[in-house]
Amino acid sequence: MKNFVLVLVIVIVLGSTVTAHEVRIAGPQSTSDLLRAWTFEPGVVLPIAASAVLYAVGVTRLRRRSPKSIRKSVTLYFWFGWAALVSALISPVHAWGSVLFSAHMTQHELLMLVAAPLLVLGRPLVPFLWALPKSWAVALARWSKLWPWEKTWRTISNPLVAWGIHAVVLWSWHVPFLFQATLESESIHALQHASFLFSALLFWWAVIHGRRRALGFGLAVLYMFTTALHSGLLGALLTFANSIWYPAYADRTAAWGLTPLEDQQIGGLIMWIPACLVYIAAGLALFAGWLRESETRARSLAVEQIS
């Protein structure tokens with residue numbers, strides 16, 4: 001079933017602010033500021049909390065019907081992905097990103113490289129549907145089969161299209177004037193986070209669960225490696241730049257013992273090295289799965305020929 005949009009409706013984030021008034025204005029200036037700079041904006045907390053409740057209720061109902069209906073590993077994927085959302089959007093990481101570009105970059109990587117793939121592996125649609133009243137679940141299932149949605153989903157969930165959307169979103173938001181805008185407007189900042197999460201969920205879903213996923217088509221492995229290349233290139237450009245791309249950080253980093261350029265270099269390295277390693281590791285895992293599937297098919301064919 002087309003589970004991506006329903007997952008997105010539950011976990012998407014529309015914006016956040018910091019609880020302490022002085023932290024809202026200046027951002028955390030010390031470790032003590034940082035430790036209390038948790039985000040409790042209703043537009044963030046309520047959807048994330050609702051997703052946890054729906055998932056827990058749905059899993060409980062499924063296991064009452066059949067104890068083996070959902071594997072423990074799958075539920076762990078979801079909960080780790082959910083925890084990554086909390087870390088990125090509720091923990092002090094969010095507030096820290098207002099004063100350090102490197103922390104902001106860490107937040108984005110948590111969304112795109114930790115939360116998104118883990119939530120996709122957690123396959124939350126079935127538990128979500130089981131948590132809803134039966135009439136609601138039936139209505140949603142019928143809606144997902146309507147022609148406009150069916151056609152749109154088939155288009156955007158094509159791995160090549162999903163790869164392109166993810167790449168455009170990533171590069172576009174790092175254009176200086178757009179990134180600067182996120183530091184000046186909470187609504188634009190929310191849009192950035194929503195598009196990062198949306199594009200990452202779409203990309204990982206298309207590669208892992210899509211109609212032409214890597215386990216059936218080795219091309220999806222190529223999508224992983226090319227994503228590592230283009231995102232790594234962006235990270236390298238940030239790392240080796242001789243000037244500040246985002247002047248809004250120019251007067252914010254001193255409290256943390258960094259010059260704006262050093263902060264930008266660290267942020268670039270975070271995008272370049274750890275992020276690339278995640279894509280490469282995922283590509284290798286998918287390649288190994290592809291080989292196992294090919295071996296299984298070869299054995300089945302050999303058995304059929306012998307019989």
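No hydrogens, no waters, no symmetry mates; every other heavy atom, side chains included, goes into these values.
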Report the distance from atom [atom1] of [X] to atom [atom2] of [Y], rounding to the nearest 0.5 Å.
X: Q264; Y: L258; atom1: CD; atom2: CG; result: 12.0 Å
X: L178; Y: I188; atom1: CG; atom2: CD1; result: 8.0 Å
X: T75; Y: F80; atom1: OG1; atom2: CZ; result: 9.5 Å
X: Q192; Y: L183; atom1: CD; atom2: CG; result: 8.0 Å
X: L132; Y: L54; atom1: CG; atom2: CG; result: 6.0 Å
X: I244; Y: Q265; atom1: CD1; atom2: CD; result: 8.0 Å

Membership question, hydrophobic clusters at under 4.5 Å side-chain separation (ILVMFWY): are [Y] and [X] in the same one?
X: M112; Y: W272; result: no
X: L234; Y: F177; result: yes
X: L233; Y: F225; result: yes
X: L229; Y: M271; result: no
X: F40; Y: L34; result: yes

Does the [X] side chain pair with the main chain of [Y], one donor and one acceptor, at a distance under 3.5 Å?
X: Q107; Y: A88; value: yes
X: S51; Y: I48; value: yes
X: T239; Y: L269; value: yes
X: R61; Y: A131; value: yes
X: E262; Y: T259; value: yes
X: S172; Y: V169; value: no

Worksheet item: Of W79, W82, W130, which meets ring-ring contact (aromatic ring centres under 6.0 Å, His included) against Y55?
Response: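 When ring-ring contact (aromatic ring centres under 6.0 Å, His included) is applied between Y55 and each of W79, W82, W130, only W79 qualifies.
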
Worksheet item: Hey, which of F101, Y249, W96 is the one that makes ring-ring contact (aromatic ring centres under 6.0 Å, His included) with W256?
Response: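 That would be W96; it is the only one of F101, Y249, W96 passing the ring-ring contact (aromatic ring centres under 6.0 Å, His included) with W256.
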
If we only count heavy atoms from C-beta on, is the [X] to [Y] side-chain gap below 4.5 Å?
X: F198; Y: L202; answer: yes
X: V59; Y: R63; answer: yes
X: S102; Y: I270; answer: yes
X: L89; Y: T39; answer: no
X: S98; Y: P28; answer: yes
X: R252; Y: L100; answer: no
X: L85; Y: L119; answer: yes
X: E109; Y: P274; answer: no

Discussion item. What I want to check is whether the side chains of T227 and W163 have a donor and an acceptor closer together than 3.5 Å.
Written reply: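 A donor-acceptor contact under 3.5 Å links the two side chains.
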
Worksheet entry | Exercise: do H104 and H189 side chains pair donor with acceptor under 3.5 Å |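 There is such a pair between these side chains.
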
Worksheet item: Taking it one step at a time, do W204 and H166 satisfy side-chain hydrogen bond (donor to acceptor under 3.5 Å, both in side chains)?
Response: CA-CA 10 Å; W204 288 99; H166 188 46; 5.5 Å; no

Practice prompt. I would like to know whether V221 and L284 meet side-chain contact (heavy atoms from CB on, under 4.5 Å); could you show each step before the answer?
Written response: CA-CA 8 Å; V221 179; L284 291 174; over 6 Å; no

For the residue pair [X] and [Y], what are the closest heavy atoms and their distance?
X: Y223; Y: F203; result: O-CZ, 4.1 Å
X: C276; Y: G232; result: SG-CA, 3.4 Å
X: P42; Y: P47; result: O-CD, 3.6 Å
X: A248; Y: D251; result: O-OD1, 3.5 Å
X: A37; Y: A95; result: CB-CB, 3.5 Å
X: P127; Y: I70; result: CG-CD1, 3.9 Å

Item to complete: Evaluate the ring planes of H108 and H174, with Trp represented by its six-membered ring, and classify them as parallel (under 30°), tilted (30 to 60°) or perpendicular (over 60°).
Response: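 Correct class here is perpendicular.
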
Practice prompt. Run the numbers on L62 and K68 for side-chain contact (heavy atoms from CB on, under 4.5 Å), then give the verdict.
Written response: CA-CA 9 Å; L62 278 168; K68 296 182 180 181; over 6 Å; no

Practice prompt. Using a cut-off of 6.0 Å, state whether more than 12 heavy atoms not belonging to W171 lie near its atom CH2.
Written response: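 Counting other residues, nucleotides and ligands, CH2 of W171 exceeds 12 neighbours.
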
Fill in: Crowding at OH, Y77 (>12 non-hydrogen neighbours, <6.0 Å)
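No - once you tally the heavy atoms of other residues, nucleotides and ligands closer than 6.0 Å, there are 12 at most.
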
Practice prompt. Give the intermediate values and the outcome of side-chain contact (heavy atoms from CB on, under 4.5 Å) for residues L170 and S231.
Written response: CA-CA 8 Å; L170 180 65; S231 63; 3.7 Å; yes

Item to complete: Take T253 and D263 through the test side-chain hydrogen bond (donor to acceptor under 3.5 Å, both in side chains) and record every step on the way to the result.
Response: CA-CA 7 Å; T253 63; D263 179 40; 5.6 Å; no

Practice prompt. Taking ring-ring contact (aromatic ring centres under 6.0 Å, His included) as the test, write out the residues that go with W245, two or more places apart.
Written response: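 For W245, no residue satisfies ring-ring contact (aromatic ring centres under 6.0 Å, His included) once neighbours in sequence are set aside.
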
Item to complete: For L238 and M105, run side-chain contact (heavy atoms from CB on, under 4.5 Å): C-alpha distance rounded to whole Å, both residues' side-chain angles, the deciding distance at 0.1 Å, then the answer.
Response: CA-CA 11 Å; L238 285 162; M105 189 62 65; 4.1 Å; yes

Practice prompt. Take W173 and T182 through the side-chain hydrogen bond (donor to acceptor under 3.5 Å, both in side chains) test and state the conclusion after the steps.
Written response: CA-CA 9 Å; W173 278 114; T182 69; over 6 Å; no

